[in-house]
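In what follows, chains carry the letters A, B, and so on, assigned in the order in which the sequence lines appear, proteins first and then strands, with residues in each chain numbered from 1. Note that the structure is a prediction, hence the values are computed from the model and not measured.
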2 protein chains.
Amino acid sequence: MSAGELRGRKPRADVQRNRAALLETAQRHFLEHGVGTSLEAVAKEAGVGPATLYRHFPTREALLAAVLQTRSEELVARQADIEQLGDPAEALEQWLRAMEEYFSAFSGLPDPLMAAARAQEPDNPLTIPCDILISATDQYVRAAQLAGRVRASVRGHDLFLAACSVAWIKGTGTEEEPLDRLRTLIASGYRQQDTQA
Amino acid sequence: MSAGELRGRKPRADVQRNRAALLETAQRHFLEHGVGTSLEAVAKEAGVGPATLYRHFPTREALLAAVLQTRSEELVARQADIEQLGDPAEALEQWLRAMEEYFSAFSGLPDPLMAAARAQEPDNPLTIPCDILISATDQYVRAAQLAGRVRASVRGHDLFLAACSVAWIKGTGTEEEPLDRLRTLIASGYRQQDTQA
DNA sequence: ATCAAAACGGATGCTGCCTCCGTATGCATC
DNA sequence: GATGCATACGGAGGCAGCATCCGTTTTGAT
């Protein structure tokens, strides 16, 4: 009775219910209208007043972070898949692709993401997820570097930025073909050319 | 009396005056608060009513395009400098840098720029400037390719996107050091390695 | 000086943000 | 079940920005 003792009382049922409804509705609205969607509309469609939304999620970023949390399961699932393959270069490539898709889930998502990655505001709920992703990227980079497949000068943070960029461009509505050209350009930038001389 | 005949009447003095005041104020506000700055505030500080602003510049993009127009002189001046140097690879590099600085003049500028570059909306006043810049980039790319300094697979449009990306990241407030690392990464991506085998 | 066209700008309606505070709800206790 | 109290709810409201309408003023031409 250590953890339960603190609260002392069972949490109310409507809290959980409203939170779930808000998250579900918010995700749909983010998907359809981007991260700038009207929070008032989200609240209304979730069947709660605006104040309830703000009580649960004080800022847009907080709501965004909570929605992303539920979506991140997909990402860790991918990570499991990726770690199956033996080739570290291939693993890095797929990881970058997975991050990019994660970042472009909602149009406009890269902006608050970058803001969180940059600043050392511990109160920004997106900061921690960002730091985790950067670290993870660095792991993949190091593994590929040990195998001599990635330039030594490259860091995980660099490729995090690159993935963010591509996701940003994608979010502006660019076609898939120029996007793929850009991905190729970036890949040429970090790959170690085979020293087969 | 061919061109003057069309208008038939001398343009009013206040029109010119207001337009100039608006452009000047708008540029300052864009510089200080980014492209999302309040147009109402711009109008008020320029000493005109909101309607006058909207009459001169029907949309935010129109105002932005007009302000950029005045700033583009700097860019063409740079172009002249760049064409002095004989090395086409160096020229491309400097041109990309010039574009990037142009794009990061105002925070948030890359977004409307990308929107204009993507869509074939002829009414978007930013479309034409974008197309010009892409073509110019392509020129530099081709020249450098002829000299064997840039991979054959690279196109001007790719590097336009890359420059936009870097400018976007810059606009989110990222430090200069990670930015420079990203630039290096991209440069490694388009440069042709010397085939000195 | 007069006139008509052209431009101006205040007022206005709208949407979205965020907060305050009176009210309702749900859990614990009896 | 009924009661009491903490907790959560939500409508109302203040604020800021956008974009437009329309009565008024300015301006150039005659």
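- One atom, CZ of B:R9, and another, P of C:dC3, lie 15 Å apart when rounded to the nearest Å.
- Contact annotation: B:H56 side-chain N/O to C:dC8 OP1/OP2 distance is under 4.0 Å.
- A:R19 comes within contact range of no nucleotide atom at all, as no heavy-atom separation falls under 4.0 Å.
- Rounded to whole Å, the distance from OH on B:Y54 to C1' on C:dG13 is 14 Å.
- Using a 4.0 Å heavy-atom cutoff across all strands shown, B:A13 reaches sugar-phosphate atoms only and no base atom.
- The residue among B:P50 and B:R17 whose nearest nucleotide of DNA chain D is located toward the 5' end is B:P50.
- Relative ring orientation between A:F160 and A:F103 is described as perpendicular, the plane-to-plane angle rising above 60° on a 0-90° scale split at 30° and 60°.
- Using a cutoff of 4.0 Å between basic side-chain nitrogens and carboxylate oxygens, A:D158 and A:R155 are not scored as salt-bridged.
- Backbone-only engagement by A:T37 is indicated by non-hydrogen atom pairs under 4.0 Å involving sugar-phosphate atoms exclusively.
- The CG atom of A:L39 sits 17 Å away from the P atom of C:dT15 (whole-angstrom rounding).
- Mapped onto DNA chain D by nearest heavy atom, B:R12 and B:S38 fall at different nucleotides, with B:S38 at the one closer to the 5' end.
- Nucleic acid contact for B:G36: none, since no nucleic acid atom lies under 4.0 Å from a heavy atom of the residue.
- Counting any heavy atom pair closer than 4.0 Å across all strands shown, B:A51 reaches a base atom.
- Follow the hydrophobic side-chain contacts under 4.5 Å out from A:L92 and you never reach A:I132; the two are in separate clusters.
- The aromatic rings of A:H29 and A:H33 are tilted relative to each other, their planes meeting at an angle between 30° and 60°.
- Distance CZ (B:R55) to C1' (C:dA6): 9 Å, rounded to an integer number of Å.
- Residue B:T52 has no polar side-chain atom (N or O) positioned under 4.0 Å from OP1 or OP2 of C:dA7.
- Contact footprint of chain B on DNA chain D: nucleotides with an atom under 4.0 Å from a non-hydrogen protein atom, first to last in 5' to 3' order, D:dG17 to D:dA29.
- Counting to the nearest Å, the C1' atom of C:dT23 and the CG atom of A:D14 are 14 Å from each other.
- Computed from coordinates, the A:K10 NZ to C:dT25 C1' distance equals 15 Å when rounded to whole Å.
- Between B:R191 and B:E93 there is a salt bridge, since a side-chain N of the basic residue sits under 4.0 Å from a carboxylate O of the acidic one.
- The CZ-C1' distance, from A:F57 to C:dC18, rounds to 16 Å in whole Å.
- Residue A:R151 qualifies as enclosed at atom CZ: its count of foreign heavy atoms under 6.0 Å is above 12.
- Here C:dC17 presents its P atom at 6 Å from CD of A:E40, a figure rounded to the nearest Å.
- A:R183 has a carboxylate O that lies under 4.0 Å from a charged side-chain N of A:D180, or vice versa, which qualifies the two as a salt bridge.
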